[in-house]
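Just so you know, residue 1 is the first one in the sequence shown, and it goes up from there. Bear in mind that the values here come from a model prediction, so they are computed numbers and not experimental data.
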Amino acid sequence: MNAPSVPNGVAAHALQIGSILVRRGVLTSEDAGRIVARQEDLGLPFGEAAKHLGLLSEPELFAALATQFEYSYLLRGQSAVSEEVVAAYNPFGRVSESLRALRSQLMLRWFLRDRERTALAVVSAARKDGRSWLAANLAVVCAQLGGRILLIDADLRNPRQHALFGVDGRIGLTSVLSGRCEARQAVVPVEDLPGVSLLCAGAASPNPQELLARAAFDDAIRSFSADYDQIIVDTPATSTGADVYTVGMRAGAALLLTRRHATRTADVRSVASDLDAAGIPVVGTVINDA
């Protein structure tokens, strides 16, 4: 389709947004032309003019703006990414605002203090505390800053990241640690989320703790540090074994997650003490309200 013509005085970015929406099939070129004309008549922004004509919804407008500014934003029903990744589907909501506040604190406390600090493990005491959810959404909000983010699923016992991002998880970390695949070959870019790449857990293994203890994991982290601005590592619950401490040491630091009305204070203290004993700094603690 041809791009809509632009009357004199209409901002260039209106044409860009219109072209994006036409390419996506949300608008026809005729629709975009009508919107630009209404924009000229009423002095409205392109999006407001489109909504005034009933041709565009707010989510569709946000998605076009996100594309224009290379900002990760998804529309429901148009991606294999799970809607649990709320930072992608509702980046302007209350939960996403909280995630951005957490991102800012992590940048100040860890990532920006030293250029070699690229990795962070998300840890918690028990299953269903929300580690995978937090790791996935944290990866997205970090990518929304314009960075290159790698999310590693190091929960080899109960992996979830492949399901959250709608990718085939058969090749992943276990493939790398067992020597069946080069580290970079196992990484999958998330097509719908610019800047986000995923290293799935891979095929199930009977010896996850031994695999994670191999030097190949440390080598992979160091190699990835040259390619990515931040590396977020999902981990198994400490209640399932000692894997998390091995992962935490490879990452260099941990973000400790607790769940309101579920996590016992004694468990938090125990995990924090064990992390400290292993020489793994805790850069922050997050309470999951869900």
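The two atoms that bring Ser132 and Asp234 nearest to each other are OG-OD2, 2.6 Å, heavy atoms only. Here the shortest heavy-atom pairing between Phe165 and Val81 reads O-CG2, 4.0 Å. Contact record, Ala119 with Trp110: O-NE1, 3.0 Å, taken as the closest heavy-atom pair. When every heavy atom of Ala154 is checked against every heavy atom of Pro236, the shortest pair comes out as O-CD, 3.6 Å. Counting all heavy atoms, side chain and backbone alike, Cys200 lies closest to Val167 at SG-CG2, 3.6 Å. Nearest heavy atom pair, residue Val176 against residue Ala183, reads CG2-CA, 3.7 Å.
Checked by atom type and distance alone, the side chain of Arg259 pairs as donor or acceptor with a backbone atom of Lys128 at under 3.5 Å. Although no hydrogens or angles enter the test, the distance criterion places no donor-acceptor pair under 3.5 Å between the side chain of Ser79 and the main chain of Leu75. Formation of a donor-acceptor pair under 3.5 Å by the Asp153 side chain with backbone atoms of Gln161 is found in this model. Remark: the backbone N or O of Leu108 is paired with a side-chain donor or acceptor of Arg113 at under 3.5 angstrom. A donor-acceptor contact shorter than 3.5 Å is absent between the side chain of Ser175 and the backbone of Cys181. One N or O on the side chain of Arg131 and one on the backbone of Thr235 form a donor-acceptor pair closer than 3.5 Å. Arg214 places a side-chain N or O within donor-acceptor distance of the main-chain N or O of Leu177, the cut-off being under 3.5 Å. Remark: the backbone N or O of Asn158 is paired with a side-chain donor or acceptor of Asp155 at under 3.5 angstrom. The backbone N or O of Ala125 sits less than 3.5 Å from a side-chain atom of Ser239, completing a donor-acceptor pair.
Leu112 and Val283 fall within the same hydrophobic cluster, defined by Ile, Leu, Val, Met, Phe, Trp and Tyr side-chain heavy atoms under 4.5 Å apart, directly or through other members. Linking ILVMFWY side-chain heavy atoms closer than 4.5 Å, directly or via other members, places Leu212 and Ile231 in a single hydrophobic cluster. Leu198 and Ile221 are assigned to two separate hydrophobic clusters, defined by single-linkage of ILVMFWY side chains at heavy-atom distances under 4.5 Å. Residues Leu99 and Val286 are members of one and the same hydrophobic cluster, defined by side-chain heavy-atom contacts under 4.5 angstrom among Ile, Leu, Val, Met, Phe, Trp and Tyr.
With contacts defined as side-chain heavy-atom distances shorter than 4.5 Å, the pair Ile232/Val122 qualifies. Using a 4.5 Å heavy-atom cutoff, the side chains of Leu74 and Val85 are not in contact. Proximity of Phe224 to Val187: side-chain heavy atoms (C-beta onward) are separated by under 4.5 Å at one or more points. Annotation: side chain of Leu156 is in contact with side chain of Leu173 (closest heavy-atom distance under 4.5 Å). At a threshold of 4.5 Å between non-hydrogen side-chain atoms, the residues Arg260 and Asn288 do not count as touching. The shortest distance between side-chain heavy atoms of Thr263 and Asp129 falls below 4.5 Å. A 4.5 Å side-chain heavy-atom check between Tyr228 and Ser197 finds at least one atom pair inside the cut-off. Residues Ile152 and Leu150 are in side-chain contact: their nearest non-hydrogen atoms beyond the backbone lie under 4.5 Å apart.
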Practice prompt. Before giving the answer on side chain to side chain contact (heavy atoms under 4.5 Å, CB included), spell out for Val233 and Leu120 the whole-Å C-alpha distance, their side-chain angles and the decisive distance to 0.1 Å.
Written response: CA-CA 6 Å; Val233 189; Leu120 179 71; over 6 Å; no

Item to complete: List the steps, then state whether side chain to side chain contact (heavy atoms under 4.5 Å, CB included) holds for Phe46 with Leu21.
Response: CA-CA 12 Å; Phe46 182 89; Leu21 289 163; 4.0 Å; yes

Fill in: Evaluation steps, salt bridge (Lys or Arg N to Asp or Glu O under 4.0 Å), between Arg100 and Glu97
CA-CA 5 Å; Arg100 279 195 287 274; Glu97 287 293 343; 2.7 Å; yes

Fill in: Met107/Leu145 under side chain to side chain contact (heavy atoms under 4.5 Å, CB included): CA gap, chis, key distance, verdict
CA-CA 11 Å; Met107 291 296 177; Leu145 279 178; 3.8 Å; yes

Worksheet entry | Audit row: Asn90, Val95, side chain to side chain contact (heavy atoms under 4.5 Å, CB included) steps and yes/no | CA-CA 8 Å; Asn90 187 16; Val95 173; over 6 Å; no

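Every residue two or more places apart in sequence or in another chain was checked for a side chain to side chain donor-acceptor pair (under 3.5 Å) with Arg250, and none qualifies. Remark: Ser225 engages Thr118 in a side chain to side chain donor-acceptor pair (under 3.5 Å) (not counting sequence neighbours). Annotation: side chain to side chain donor-acceptor pair (under 3.5 Å) contacts of Arg180 (sequence neighbours excluded): Ser178.
Note that OG1 of Thr285 is 9.5 Å distant from CG of Leu257, once rounded to the nearest 0.5 Å. Here Glu83 contributes atom CD and Arg76 contributes atom CZ; the two are 5.0 Å apart, rounded to the nearest 0.5 Å. Between Arg148 atom CZ and Gln230 atom CD the span is 9.5 Å, to the nearest 0.5 Å. Atom-to-atom distance recorded for Ser104:OG and Arg109:CZ is 11.5 Å, nearest 0.5 angstrom. Note that CG of Leu56 and CD1 of Ile35 are 6.0 Å apart. Values are rounded to the nearest 0.5 Å. Interatomic distance, CG of Leu255 versus CD of Gln105, reported as 11.0 Å (0.5 Å rounding).
The closest side-chain donor-acceptor pair between Asp31 and Thr28 falls under 3.5 angstrom.
Counting heavy-atom neighbours within 6.0 Å of Ile287 CD1, excluding the residue itself, gives a total of 12 or less.
Through direct or indirect side-chain contacts shorter than 4.5 Å among Ile, Leu, Val, Met, Phe, Trp and Tyr, Ile280 is connected to Val123, Val244, Tyr245, Met249, Leu256, Val268, Val271, Leu275, Val282.
For the salt bridge (Lys or Arg N to Asp or Glu O under 4.0 Å) condition, the pairs that include at least one residue of residues 182-198, sequence neighbours left out, are Arg184-Asp227.
A salt bridge links Asp243 to Arg157: one of the charged nitrogens lies within less than 4.0 Å of a carboxylate oxygen.
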Side chains of residues 136-143: which donor-acceptor pairs under 3.5 Å do they make with residues two or more places apart or in other chains?
{"unit_1": "Asn137", "atom_1": "OD1", "unit_2": "Val86", "atom_2": "N", "d": "2.9"}
{"unit_1": "Asn137", "atom_1": "OD1", "unit_2": "Ala87", "atom_2": "N", "d": "2.9"}
{"unit_1": "Asn137", "atom_1": "ND2", "unit_2": "Glu84", "atom_2": "O", "d": "3.2"}
{"unit_1": "Asn137", "atom_1": "ND2", "unit_2": "Trp133", "atom_2": "O", "d": "2.9"}

